[in-house]
Number of protein chains: 2
Amino acid sequence: MTYENLDAKLVNALLGDGRASLRSLAEELDVSVTTVSNHLSDLEEEGVIQGYTPRVDYDSLGYDVTAVIQLKVEGNALPDITDSLKEHRQMISVYEVTGDYDVIAVGKFKDTDGMNNQIKTLLTDPDIKESNTSVVLNAVTENEQFELLIDDD
Amino acid sequence: MTYENLDAKLVNALLGDGRASLRSLAEELDVSVTTVSNHLSDLEEEGVIQGYTPRVDYDSLGYDVTAVIQLKVEGNALPDITDSLKEHRQMISVYEVTGDYDVIAVGKFKDTDGMNNQIKTLLTDPDIKESNTSVVLNAVTENEQFELLIDDD
DNA sequence: TGGAGTTGATGACGTACGAAAATCTCGACG
DNA sequence: CGTCGAGATTTTCGTACGTCATCAACTCCA
């Protein structure tokens with residue numbers, strides 16, 4: 001076990017409430033506030049916890065369309081393409097992958113017109129050999145972070 | 001009008017630091033603590049901010065393999081399939097989509113063996129007509145939450 | 001009139017610091 | 001060869017202090 005049990009419990013507790021106070025965490029895990037503070041700093045320094053964010057509901061802000069875009073790219077142009085995708089504000093995830101396509105990206109848009117425009121400008125790149133866009137009809141689960149396993153003794 | 005964009009600014013500030021104190025937010029946005037508190041409560045009640053989470057680096061915890069799984073599903077079995085995917089702890093995102101496939105899911109696994117096992121058990125379902133798995137070679141961007149636009153006058 | 005700010009009171013919060021407890025290290029001894 | 005224990009190291013804890021969140025009552029002003 002690379003990481004102590006307390007650390008896993010701490011991460012799980014924070015996954016439940018990312019703004020929980022050190023005191024409430026300490027009570028929940030039955031250790032002192034100082035211990036929570038120390039372990040939390042360690043987790044942050046080690047990079048296990050890379051920061052904290054609110055979970056924003058983009059739907060309620062008018063970003064009604066989510067799309068999964070798959071691209072076949074000219075081999076040596078891959079870094080350029082992924083970089084350019086990364087620059088696009090509305091790209092949630094950009095993956096280089098094995099399989100039929102080389103890149104899979106997930107983006108959010110205000111409407112299908114906005115989506116089409118963005119995608120069209122993207123596809124002007126001559127290094128993109130083929131593309132395939134799937135529009136999300138229903139996001140059953142999105143960006144879910146799962147809890148860590150605790151092995152009790 | 002002066003505070004038209006306060007909510008957007010507040011969300012953006014929290015996207016920068018999800019554990020920022022009301023006081024630091026108030027100073028950053030040049031409004032009173034009370035105002036920040038009120039607007040934040042409103043955003044939470046409206047569901048724009050649905051909660052707060054740490055950003056966990058699953059790579060550093062040994063979840064080295066991310067995969068994008070695409071499925072063609074027997075029409076009326078779609079809810080069953082998405083539900084079952086949702087139950088899988090390690091599924092980050094599960095989308096019902098238009099296009100060649102009916103479902104696109106993203107999952108994280110400790111290794112390729114673990115991934116293969118999980119996927120194999122998944123595919124025993126007779127309602128899954130076809131599947132296609134892409135292994136992520138490089139996560140350029142993952143679960144990024146973009147900042148909201150501020151329209152200045 | 002309603003959104004924003006101010007003030008003040010109260011209890012909760014984060015962090016620094018030193019003490020206490022637990023754990024590890026490693027040579028000496030039976 | 002096994003184990004014992006003093007000293008070193010790490011981990012945990014309690015306390016104290018300055019800051020913070022929250023609430024209520026009241027003011028300001030467009």
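Please read these numbers as outputs of a predicted model, since none were measured by experiment.
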Let me know the distance between [atom1] of [X] and [atom2] of [N], rounded to the nearest Å.
X	N	atom1	atom2	answer
A:Leu40	C:dG14	CG	C1'	11 Å
B:Leu29	C:dG3	CG	C1'	17 Å
B:Asn5	C:dA4	CG	P	12 Å
B:Asn38	C:dG3	CG	P	10 Å

Worksheet entry | 5'-most by nearest nucleotide on DNA chain D - A:Arg19 or A:Asp30 | A:Asp30
Worksheet item: So which one's nearest nucleotide on DNA chain D is more toward 5', A:Val31 or B:Leu22?
Response: A:Val31
Item to complete: Sorted by first residue and then second, give each ring-ring contact (aromatic ring centres under 6.0 Å, His included) pair with at least one member in residues 82-105 of chain B; sequence neighbours left out.
Response: none
Fill in: ring-ring contact (aromatic ring centres under 6.0 Å, His included): pairs with one or both residues in residues 54-75 of chain A, sequence neighbours excluded
A:Tyr58-A:Tyr63, A:Tyr58-B:Phe146, A:Tyr63-B:Phe146
Worksheet item: Taking ILVMFWY side chains as joined if any heavy atoms are under 4.5 angstrom apart, and letting links pass through other members, which residues group with B:Leu137?
Response: none
Salt bridge (charged side-chain N to carboxylate O under 4.0 Å, His left out) with [X]: which residues, sequence neighbours excluded?
X	result
A:Lys86	none
B:Glu28	none
B:Glu96	none

Response to the item:
Judged by nearest nucleotide, the residue sitting upstream toward the 5' end of DNA chain C, A:Ser24 or B:Val33, is B:Val33
Is there any protein nitrogen or oxygen under 3.5 Å from a nitrogen or oxygen in nucleotides 6-12 of chain C, and what are the pairs?
none

Donor-acceptor pairs are to be reported for all side-chain atoms of residues 43-50 of chain B against protein atoms at under 3.5 Å, with residues two or more places apart or in another chain.
| residue | atom | partner | partner atom | Å |
| --- | --- | --- | --- | --- |
| B:Glu44 | OE2 | B:Tyr52 | OH | 2.6 |

Worksheet entry | Span of DNA chain D in contact with chain A (heavy atoms, under 4.0 Å) | D:dT12 to D:dG14
Worksheet item: Can a donor-acceptor pair be found between the side chains of B:Ser21 and B:Ser24 at a distance below 3.5 Å?
Response: yes
